[in-house]
Amino acid sequence: MNSPISQPDPRGNGVRLMLVATLRLAITPPRPRPLAAHLRGALAQAYPELDLLHQHGTDGLIYRSPRVLYFVDGDGPVVTAIEEGAEALMKTQLVGRVLRMGAVDRTVIDSTLKVVQAEFGQTNSLLTYDFERPWLALNQKNHQQFEGMSQPERTEFLNRQLCNNCLAQAKSFGVRITQQLSAQSQLRNCTTKHKGLPMMGFTGKFSINFSIPNGMGLGKSVSKGFGRVRLTPS
């Protein structure tokens with residue numbers, strides 16, 4: 001494809017339409033449920049030449065904002081791919097293949113691919129989202145700061161982090177933000193595991209004047225499903 005993958009929105013700066021592909025797999029055996037990291041590793045093994053799927057090239061890890069995100073819910077594995085990652089995902093043929101996820105060989109017995117153009121970027125009004133997986137908002141340095149904050153200070157801090165995460169995503173996709181972002185949140189902390197270690201994450205709802213395609217993630221380790229968001233039905 002020689003033409004641009006995403007199309008500018010006629011409203012001008014700050015928003016664009018992005019290609020988003022969502023692939024849902026039916027696997028057998030479905031249990032024990034694989035992790036998102038297992039799914040990512042399976043596709044990396046099946047398609048090592050498609051580095052957008054796994055962020056690894058011949059010289060090692062490729063440092064760029066992930067374009068392909070992995071998630072496993074109660075219905076099975078889901079892959080969400082954005083922009084050029086969507087093109088890479090559409091090159092895969094997985095039905096009938098045996099993929100090793102974790103310590104278990106799984107056969108892909110069916111797949112459903114949905115491709116849409118989704119709005120991404122700043123909006124004139126607040127949109128509300130749910131975190132489908134814990135949002136990893138803290139690093140080692142600001143985790144210590146967070147622990148010493150009052151509850152109002154924590155809420156304000158997390159709201160700033162939401163804005164910063166959206167600004168970082170916009171920058172990675174070449175979207176210029178021309179208005180100040182503002183966030184409100186109703187979040188609760190939880191303990192999750194990242195690379196086998198316990199880590200504080202956050203779940204709940206937030207509102208922001210920024211349009212995020214369903215399945216995109218915010219924060220750390222989005223390629224492994226963390227920080228995955230979904231627009232709350234109005």
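- His38 contributes a side-chain N or O that, together with a main-chain N or O of Leu35, makes up a donor-acceptor pair within less than 3.5 Å.
- With sequence neighbours excluded, the residues forming a salt bridge (charged side-chain N to carboxylate O under 4.0 Å, His left out) with Glu156 are Arg160, listed by chain and number.
- Cluster partners of Phe226, using a side-chain heavy-atom cutoff of under 4.5 Å among ILVMFWY residues and allowing indirect links, are Leu136, Met199.
- Taking the side-chain contact (heavy atoms from CB on, under 4.5 Å) definition, one finds that Lys141 meets it with Asn139, Gln145, sequence neighbours left out.
- Taking the side chain as every heavy atom from C-beta outward, His54 and Leu43 never approach each other to under 4.5 Å.
- For Ala26, the side-chain contact (heavy atoms from CB on, under 4.5 Å) partners are Ile109, Asp110, not counting sequence neighbours.
- Met216 CE to Leu231 CG: the interatomic distance, rounded to the nearest 0.5 Å, is 13.5 Å.
- A side-chain donor-acceptor contact under 3.5 Å links Tyr47 to the backbone of Gln93.
- Seen from the ring of Phe71, Arg228 counts as a face-on cation partner, given the 6.0 Å and 45° thresholds.
- Note on Leu39 and Leu113: same hydrophobic cluster, where clusters join Ile, Leu, Val, Met, Phe, Trp and Tyr whose side-chain heavy atoms are under 4.5 Å apart, directly or indirectly.
- Residues satisfying the salt bridge (charged side-chain N to carboxylate O under 4.0 Å, His left out) test with Arg97, not counting sequence neighbours, are none.
- Between Val108 and Leu94, the shortest heavy-atom contact is CB-O, 3.2 Å.
- Classification of the Phe157-Phe146 ring pair by plane angle, with boundaries at 30° and 60°, yields tilted.
- Nearest heavy-atom pair, Gly14 versus Ile177, reported as atom, atom and distance to 0.1 Å: O-CD1, 4.0 Å.
- Take Asn124 and apply the side-chain contact (heavy atoms from CB on, under 4.5 Å) test, not counting sequence neighbours, and it matches Gln179.
- For the pair Glu147/Arg154, a side-chain contact is recorded, criterion being any heavy-atom separation below 4.5 Å from C-beta on.
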Open item on the list: If you apply the rule side chain to side chain contact (heavy atoms under 4.5 Å, CB included), what do you find for Val175 with Val15, and how did you get there?
Closed with: CA-CA 7 Å; Val175 176; Val15 66; 5.9 Å; no
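- Taking CD1 from Ile212 and CD from Glu119, the interatomic distance works out to 12.0 Å, rounded to the nearest 0.5 Å.
- Arg106 meets the salt bridge (charged side-chain N to carboxylate O under 4.0 Å, His left out) test with no other residue; sequence neighbours excluded.
- Residues Arg67 and Ser65 meet the side-chain proximity criterion, which asks for heavy atoms closer than 4.5 Å.
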TODO: List the steps and the verdict of side chain to side chain contact (heavy atoms under 4.5 Å, CB included) for Gln169 and Lys171.
DONE: CA-CA 5 Å; Gln169 286 283 32; Lys171 182 178 179 180; over 6 Å; no
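- Summarising the geometry, atom CD1 belonging to Ile82 is positioned 8.5 Å from atom OG belonging to Ser172; distances are rounded to the nearest 0.5 Å.
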TODO: Given salt bridge (charged side-chain N to carboxylate O under 4.0 Å, His left out), test Asp130 with Arg230 step by step and report yes or no.
DONE: CA-CA 5 Å; Asp130 290 283; Arg230 179 162 296 276; over 6 Å; no
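- Annotation: side chain of Trp135 is not in contact with side chain of Val229 (no heavy-atom distance under 4.5 Å).
- Every side-chain contact (heavy atoms from CB on, under 4.5 Å) that Ser111 has, sequence neighbours left out, goes to Leu23, Leu25, Val95.
- Taking Asn164 as the reference, nothing meets the side-chain hydrogen bond (donor to acceptor under 3.5 Å, both in side chains) condition, with sequence neighbours excluded.
- Between Gln117 and Met18, the closest side-chain pair of non-hydrogen atoms is not below 4.5 Å.
- The closest donor-acceptor contact from the side chain of Thr155 to the backbone of Gln151 lies under 3.5 Å.
- For Ala118 against Pro213, the heavy-atom pair with the smallest separation is CB-CB, 3.8 Å.
- At a threshold of 4.5 Å between side-chain heavy atoms, the hydrophobic network of Ile, Leu, Val, Met, Phe, Trp and Tyr places Val104 and Tyr70 in two separate groups.
- In this structure, the side chain of Tyr129 does not engage the main chain of Thr232 through any donor-acceptor pair within 3.5 Å.
- Remark: Arg133 pairs with no residue by the salt bridge (charged side-chain N to carboxylate O under 4.0 Å, His left out) rule, at least two apart or across chains.
- Under the 4.5 Å side-chain heavy-atom criterion for ILVMFWY residues, no single connected hydrophobic cluster contains both Leu126 and Leu167.
- Between the side chains of Ser207 and Thr128, at least one donor-acceptor pair of N or O atoms lies under 3.5 Å.
- The shortest side-chain heavy-atom distance between Leu19 and Val115 falls under the 4.5 Å cut-off.
- Using a distance-only test at 3.5 Å, with no hydrogens or angles considered, no donor-acceptor pair links the side chain of Glu83 to the main chain of Val20.
- In the hydrophobic clustering of this structure, Leu218 groups with Leu138; members are Ile, Leu, Val, Met, Phe, Trp, Tyr whose side-chain heavy atoms approach within less than 4.5 Å, directly or through other members.
- Counting only residues at least two apart or in different chains, ring-ring contact (aromatic ring centres under 6.0 Å, His included) contacts with residues 93-127 comprise Phe120-Phe173, Phe120-Phe210.
- Enclosure of atom CD in Gln45 is not indicated, since only 12 or fewer non-hydrogen atoms of other residues, nucleotides or ligands lie within 6.0 angstrom.
- Under a hydrophobic-cluster definition in which Ile, Leu, Val, Met, Phe, Trp and Tyr are linked whenever side-chain heavy atoms come within less than 4.5 Å, directly or via other members, Met90 and Val79 are assigned to the same cluster.
- When atom types are taken as modelled, the side chain of Thr123 and the backbone of Ser125 share a donor-acceptor pair closer than 3.5 angstrom.
- Considering all non-hydrogen atoms of both residues, Ala81 and Val68 come closest at CB-CG2, 4.0 Å.
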Can I get a per-line list of side-chain donor-acceptor pairs under 3.5 Å for residues 184-194, giving both atom names and the distance, sequence neighbours left out?
unit_1, atom_1, unit_2, atom_2, d
Ser185, OG, Asn159, OD1, 2.6
His194, NE2, Ser221, OG, 2.5

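- Using a 4.0 Å cut-off between charged side-chain N and carboxylate O, Asp73 and Arg24 make a salt bridge.
- Contact of the Pro34 side chain with the Ile27 side chain is registered, since non-hydrogen atoms from C-beta on lie closer than 4.5 Å.
- Across every non-hydrogen atom of Leu181 and Cys166, the tightest pair is CD1-CB, 3.9 Å.
- Taking 4.5 Å as the limit, every side-chain heavy atom of Leu127 sits out of range of all side-chain heavy atoms of Asn209.
- Shortest non-hydrogen contact noted between Leu89 and Ala21 is CD2-O, 4.1 Å.
- Rounding to the nearest 0.5 Å places NZ of Lys114 at 8.0 Å from CG of Asn214.
- To the nearest 0.5 Å, atom OG of residue Ser211 and atom CG of residue Leu17 are 9.0 Å apart.
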